[in-house]
Amino acid sequence: MDYFPYEYRPGQKELIEFIERTVRDRRCAVIEAGTGTGKTITSLCGVLPYAKDHNMKVVYLTRTKSQQKQVIRESTAIGNDILCVAVQGRSAASCPLMREDPDLASGNAEEISKLCSVYKRKKDGQCHCRYYSNIEGADVEQWVQVIRDQHPDPEDFAQMCENSMLCPYELMKLILPYADVIAVPYPFVFMPMVLDRFVEWMGVPLSSTILIIDEAHNLPDYLRDVQTFEYTERAMDLASKEATEHGDFELQEGITVTDLVAVLKEILAYAQKEYLIDEDGMLPPYFLEDELMSRLGVSSVTIRRMCKAMEEIGDGIMEKKKERRKLPRSYIHSMSRFIRAWADGDEDNYVRLVVKENDNPMFQAYCMDPSGASAPLVDCFSSIHMSGTLQPLESYETELALDRVNKLCLDSIFPKENLLTLYTDRVTMKYEERELAQNYQTMMEMVVECVNAVKVNTAVFFPSYSFMDKMIDDGLVQNLRRDVAFEQRGMTQPELMSVFENFKTSDGGVLFCVTGGRISEGLDFPDKALELVILIGIPYPKPTAKMRAMRRYYDIRFGDGMLFTSTIPTVRKMRQAIGRLIRSETDRGVAVIMDRRAAGLRGLPTQLCDDIPSMEREFFHYQKYQ
């Protein structure tokens, strides 16, 4: 059965057939598909025939809410009685009872779930949460039909449930067994405890699901982060405060919680003094354990006993908070979990660091091997990995330890002449040279000249927020004859989208953003919403202790640490930023790379230009834009 609802573009039918064969053979597909191939619709149409015939679920993994909405839109276009639902993680904002309590806003999914259990508990036959109690009387099949008819996104569905005095989270759990396509964030599959519950709600085992991973180039870093753990000085202070408020329990004869915190802070200060270089430093194996034993005068067995005591203390504190309907969080419990995880972590796959982050230094055990969290990709029936920037495909396959892989690479179907990529050899952002007076001044002048040469919507991608701030402080904005908007560190999603929407509708506006930031991925700039991209430098990772450890690790495992840790992620970031320019067959644009090192980049076709402003004017037909 042909599920494709549109007129086929070049390559789309072949891509769908490739995915169909992959699923039928119970294999994994790794696909780079250029702009215009319709990754969402083709992946859905490639997996749905087999899934429907064999009573399987299609689980579509996304990083953003906008991607979830796209999955709903394309599933709606497919029709054929396909039921698509989107599920988001549990938070206080999604609960009608908790939403108005500011003390609960920072609660994670686990904490909110624990607190929710108190709200759902019955007393004298009555449940405190009327939204939950009303679920018993809900007509689930009627709600399934509502979703088929109206195709709500998660926010709309939540509002519909609230209007009907029903808990959206609980009702969605009852609807999942009816769904053909389920769009979820990454944690639903790659966090084991969440996955177990999710599989239970779906009503089918993971082996009866087909996973689609959108924007798959993000997956290796995400899986590293999932397995990484850290503990900050601020968290230590909160644990000490919590202990003082609850009587400062004795963990071992003569050693209280605040004593342990004080020693941890001493060790953190010592680690910064002895090992910190610039922003991080690599710690010797068993550094923390050895320092704790030495300074406290105890054995490793005693430290484990102290951790167990802290967990019991933390459990008691969380239980009391939960009964008072407060966020069930214990900083003492978190400290215990960190010390245990640090001691138990695999020495081969982790690098232990001391990290200086603003005024909140930390211990960090960074996981270098993403494949340690990739088991669901093997346990599912089939997985489809798609991105516009996934090359080299073999490296992606190797990093995630994927098995039985079919690989395919498709170019963009749009005319190549619509995109002009230039670079200059007059400047560089090489770490040692970026702030040399002549190089820096030339860079400032070239940015001004390139922006002012043509009046088109322009995005300037900086290598970091700090470098953006420096150029702003040095007068860059004043020299641009244009309105300038800014992507700022720590912006909320609504704030970011407001900046994005205002820029899109501007007439020759300029947007300052960061390569690898949220603007550079996943947002579409249709038509003339973006026609010029300027990349200030090549975003090679800083030569930190973490990156040096990563490079050695990949040298040992795969023989080319530079490729895996520097070249591949750098080129992907740049291609993502440049890819914002061409989103349809009528789009056109110029990308300018301000760094002489662009000449040596593999996988990023570009040409040297001595007079970039003139080339811009020629490309855009000068008089039309003045």
Side-chain angles (χ1 to χ4, degrees), residues 221 225 228 230 232-234 272 275-281 353-362 364 366 424 427-448 450-451 458-480 482 484-493 495-496 499-500 503 510-521 523 533-548 550 565-566 569-574 576-578 580 592-598:
D221 277 344
D225 291 342
T228 293
E230 58 194 29
T232 67
E233 186 175 56
R234 194 167 296 149
Q272 292 178 77
Y275 298 101
L276 189 67
I277 302 172
D278 196 11
E279 64 184 51
D280 69 0
L353 302 165
V354 57
V355 179
K356 184 180 181 182
E357 188 170 288
N358 300 323
D359 59 345
N360 192 24
M362 70 180 75
Q364 183 183 79
Y366 184 78
T424 177
V427 293
T428 183
M429 281 294 289
K430 191 174 181 180
Y431 195 67
E432 299 82 4
E433 300 179 48
R434 62 173 61 184
E435 294 189 30
L436 293 178
Q438 184 171 347
N439 180 76
Y440 181 76
Q441 187 59 38
T442 303
M443 180 79 74
M444 288 273 286
E445 292 170 357
M446 290 195 70
V447 173
V448 171
C450 290
V451 170
T458 301
V460 181
F461 287 93
F462 294 82
S464 65
Y465 288 106
S466 59
F467 199 81
M468 179 200 297
D469 293 341
K470 176 176 173 54
M471 283 198 150
I472 292 171
D473 290 343
D474 290 338
L476 178 59
V477 175
Q478 288 88 326
N479 290 317
L480 302 177
R482 313 275 275 284
V484 180
F486 307 90
E487 176 188 14
Q488 296 177 3
R489 185 188 286 106
M491 281 181 121
T492 65
Q493 185 67 13
E495 290 170 341
L496 181 72
V499 169
F500 170 65
F503 169 75
V510 178
L511 178 62
F512 281 8
C513 39
V514 173
T515 309
R518 289 184 288 173
I519 293 288
S520 67
E521 292 197 33
L523 295 178
V533 160
I534 298 173
L535 290 106
I536 298 181
I538 297 172
Y540 285 118
K542 290 178 68 173
T544 60
K546 180 170 77 176
M547 291 310 303
R548 289 192 293 273
M550 286 273 290
T565 64
S566 185
T570 296
V571 171
R572 280 180 184 159
K573 284 182 181 179
M574 297 177 73
Q576 281 289 325
I578 294 170
R580 300 307 97 200
V592 178
I593 303 171
M594 294 197 172
D595 199 311
R596 67 174 68 100
R597 295 173 296 170

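- Glu487 places a side-chain N or O within donor-acceptor distance of the main-chain N or O of Val514, the cut-off being under 3.5 Å.
- When side chains are defined from C-beta on, Arg482 counts as touching Thr458, because their heavy atoms get closer than 4.5 Å.
- Remark: Phe462 engages Phe512 in a ring-ring contact (aromatic ring centres under 6.0 Å, His included) (not counting sequence neighbours).
- Arg572 contributes atom CZ, which lies 9.0 Å from atom CG of Asp221 (distance to the nearest 0.5 angstrom).
- Closest non-hydrogen pair, Ser464 versus Phe467, comes out as OG-N, 3.1 Å.
- Considering only heavy atoms from C-beta on, Glu357 stays 4.5 Å or farther from Glu230 through its side chain.
- Within a 6.0 Å sphere centred on NZ of Lys356, other residues, nucleotides and ligands contribute 12 heavy atoms or fewer.
- Within the 3.5 Å criterion, the main-chain N or O of Arg597 finds a donor-acceptor partner in the side chain of Asp595.
- Contact record, Cys450 with Ile534: CB-CD1, 3.8 Å, taken as the closest heavy-atom pair.
- Contact annotation: the side chain of Ile536 approaches that of Val460 to within less than 4.5 Å [non-hydrogen atoms, C-beta and beyond].
- With sequence neighbours excluded, no residue satisfies side chain to side chain donor-acceptor pair (under 3.5 Å) with Glu435.
- For the pair Arg434 and Asn439, the tightest heavy-atom approach, listed with the atom from each and the gap, is O-ND2, 3.4 Å.
- Put simply, the side chain of Phe503 does not reach to within 4.5 Å of the side chain of Ile519, judged on heavy atoms.
- Panel note: side chain Asp280, backbone Leu353; no donor-acceptor pair is recorded below 3.5 Å.
- Among all heavy-atom pairs drawn from Leu276 and Asp278, the shortest one is CG-O, 4.0 Å.
- Between Val448 and Leu480, the closest side-chain pair of non-hydrogen atoms falls below 4.5 Å.
- Summarising the geometry, atom CE belonging to Met471 is positioned 5.5 Å from atom CE belonging to Met444; distances are rounded to the nearest 0.5 Å.
- Proximity of Lys430 to Arg596: side-chain heavy atoms (C-beta onward) are nowhere separated by under 4.5 Å.
- Distance check: Asp359 CG to Thr232 OG1 gives 10.0 Å after rounding to the nearest 0.5 Å.
- Nearest heavy-atom pair, Thr570 versus Pro541, reported as atom, atom and distance to 0.1 Å: OG1-CD, 3.6 Å.
- Inter-residue side-chain proximity for Arg234 and Met362 is flagged as unmet; no heavy-atom pair is nearer than 4.5 Å.
- Taking 4.5 Å as the limit, some side-chain heavy atom of Tyr440 sits within range of a side-chain heavy atom of Asp474.
- The two residues Ala598 and Ile593 make their nearest non-hydrogen contact at CB-CG2, 3.9 Å.
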